[in-house]
Amino acid sequence: MEARLNMFASPLAGKILRHINSAGKAVTDSTLPAATQELVKIRASQINGCGMCLDMHTKDAAKAGETSLRLNLIAAWREAKVFTDAERAALELTEQGTRISDASGGVTDEAWANAAEHYDEEQLTALVGLIAVINTYNRLNVITQQPAGDYEPGMFG
């Protein structure tokens, strides 16, 4: 597969990506648990069919110590016993925040209240920001058909 655009060679793409990366860095530096951050990135990327992000975030999560069992069960998190209640709340918020057009009301009050039981205001802010950032990356990569499979953990910094 060849990408439609070389996002790494374009000065304009570089400007856009720097801003998105800055938002992502704010989330990374937050108190939202790192494992939860990776689960959110992977689940949104599964929903959006973003191979590049799935390649990157599954490899990064594994390198950080995430188990293959948990990685393999993210898509079926509702039936899996390997996620905490807090992670399950984050995954539900991720799904609803990613599939906004599938629901007439967007994210339900129930999903929000469940997440708010497990995360403080700063963590909720980080979680919402993360869902927005990963969805942005998914869309950039899917639209431009960025290929997957060659990512090496840490290669982007």
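None of the values given here were measured: they were computed from a predicted structure.
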Residues two or more places apart in sequence or in another chain: which of them pass salt bridge (charged side-chain N to carboxylate O under 4.0 Å, His left out) with Arg70?
-> Glu66, Glu87
Transitive ILVMFWY cluster of Ile47 at side-chain heavy atoms under 4.5 Å: who else is in it?
-> none
Residues passing the salt bridge (charged side-chain N to carboxylate O under 4.0 Å, His left out) test with Asp109, sequence neighbours excluded, are none
Residues forming a salt bridge (charged side-chain N to carboxylate O under 4.0 Å, His left out) with Arg78, sequence neighbours excluded = Glu92, Glu95
Those residues at least two apart in sequence (or on a different chain) that pass side-chain contact (heavy atoms from CB on, under 4.5 Å) with Ala148 are Asp55
First locate atom OG1 of Thr36, then atom CZ of Arg88, and finally report the distance between them rounded to the nearest 0.5 Å.
-> 13.0 Å
Quick one: side chain to side chain donor-acceptor pair (under 3.5 Å) partners of Asp29, sequence neighbours excluded?
-> Lys25
Among residues two or more places apart or on two chains, list those pairs meeting side-chain hydrogen bond (donor to acceptor under 3.5 Å, both in side chains) that have a residue in residues 139-148.
-> Asn135-Arg139, Thr144-Gln146
Not counting sequence neighbours, which residues clear side-chain contact (heavy atoms from CB on, under 4.5 Å) with Ala26? List them please.
-> none
Sort and list the pairs that fulfil ring-ring contact (aromatic ring centres under 6.0 Å, His included) and have at least one residue in residues 118-157, not counting sequence neighbours.
-> Phe8-Phe156, Tyr151-Phe156
What residues, two or more places apart in sequence or in another chain, satisfy side chain to side chain donor-acceptor pair (under 3.5 Å) together with Thr28?
-> none
Closest approach of Ser45 and Asn138, non-hydrogen atoms and distance?
-> OG-ND2, 3.0 Å
If you round to the nearest 0.5 Å, how far is CG of Leu127 from CG of Leu32?
-> 5.5 Å
Using the rule that two of Ile, Leu, Val, Met, Phe, Trp, Tyr join whenever any of their side-chain heavy atoms come within less than 4.5 Å, decide whether Met52 and Met7 are in one cluster.
-> no
Smallest heavy-atom separation, Ala111 atom then Thr108 atom, equals N-OG1, 3.0 Å
Roughly how far apart are Gln37 CD and Ile42 CD1, rounded to 0.5 Å?
-> 12.0 Å
Should Leu93 and Val27 be regarded as members of a common hydrophobic cluster, given that ILVMFWY residues are connected when their side-chain heavy atoms come within less than 4.5 Å of each other, either directly or indirectly?
-> yes
Provide the closest heavy-atom pair for Ile74 versus Gln46 in the form atom of the first, atom of the second, distance.
-> CG2-OE1, 3.6 Å
Closest heavy-atom pair, Ala62 versus Leu71, reported as atoms and distance to 0.1 Å, is CB-CD1, 4.1 Å
Could you go through the side-chain contact (heavy atoms from CB on, under 4.5 Å) check for His57 and Ile134 one step at a time?
-> CA-CA 10 Å; His57 297 299; Ile134 192 60; 3.8 Å; yes
The reported gap from NZ in Lys63 to OG1 in Thr58 (rounded to nearest 0.5 angstrom) is 13.5 Å
Counting only heavy atoms not in Asp102, do more than 12 sit closer than 6.0 Å to its CG atom?
-> yes
Would you check, one step at a time, whether the test side-chain contact (heavy atoms from CB on, under 4.5 Å) holds for Leu5 with Ile143?
-> CA-CA 9 Å; Leu5 288 173; Ile143 291 167; over 6 Å; no
Can you find a heavy atom in the side chain of Leu39 that is under 4.5 Å from one in the side chain of Phe83?
-> yes
Non-neighbouring partners of Ser30 that pass side chain to side chain donor-acceptor pair (under 3.5 Å), sequence neighbours left out = none
Could you pull out all donor-acceptor pairs under 3.5 Å where a side-chain atom in residues 9-19 meets a protein atom, sequence neighbours excluded?
unit_1 : atom_1 : unit_2 : atom_2 : d
Ser10  : OG     : Leu12  : N      : 3.3
Ser10  : OG     : Ala13  : N      : 3.0
Arg18  : NH1    : Gly14  : O      : 3.4

Considering all heavy atoms of both residues, which atom of Asp60 and which atom of Gly154 are nearest to each other, and what is their separation?
-> OD1-N, 4.0 Å
Distance, nearest 0.5 Å, that separates CG of Leu69 from NZ of Lys81 = 11.5 Å
Any idea which heavy atoms bring Leu91 and Arg43 closest together, and the distance?
-> CD2-CB, 3.7 Å
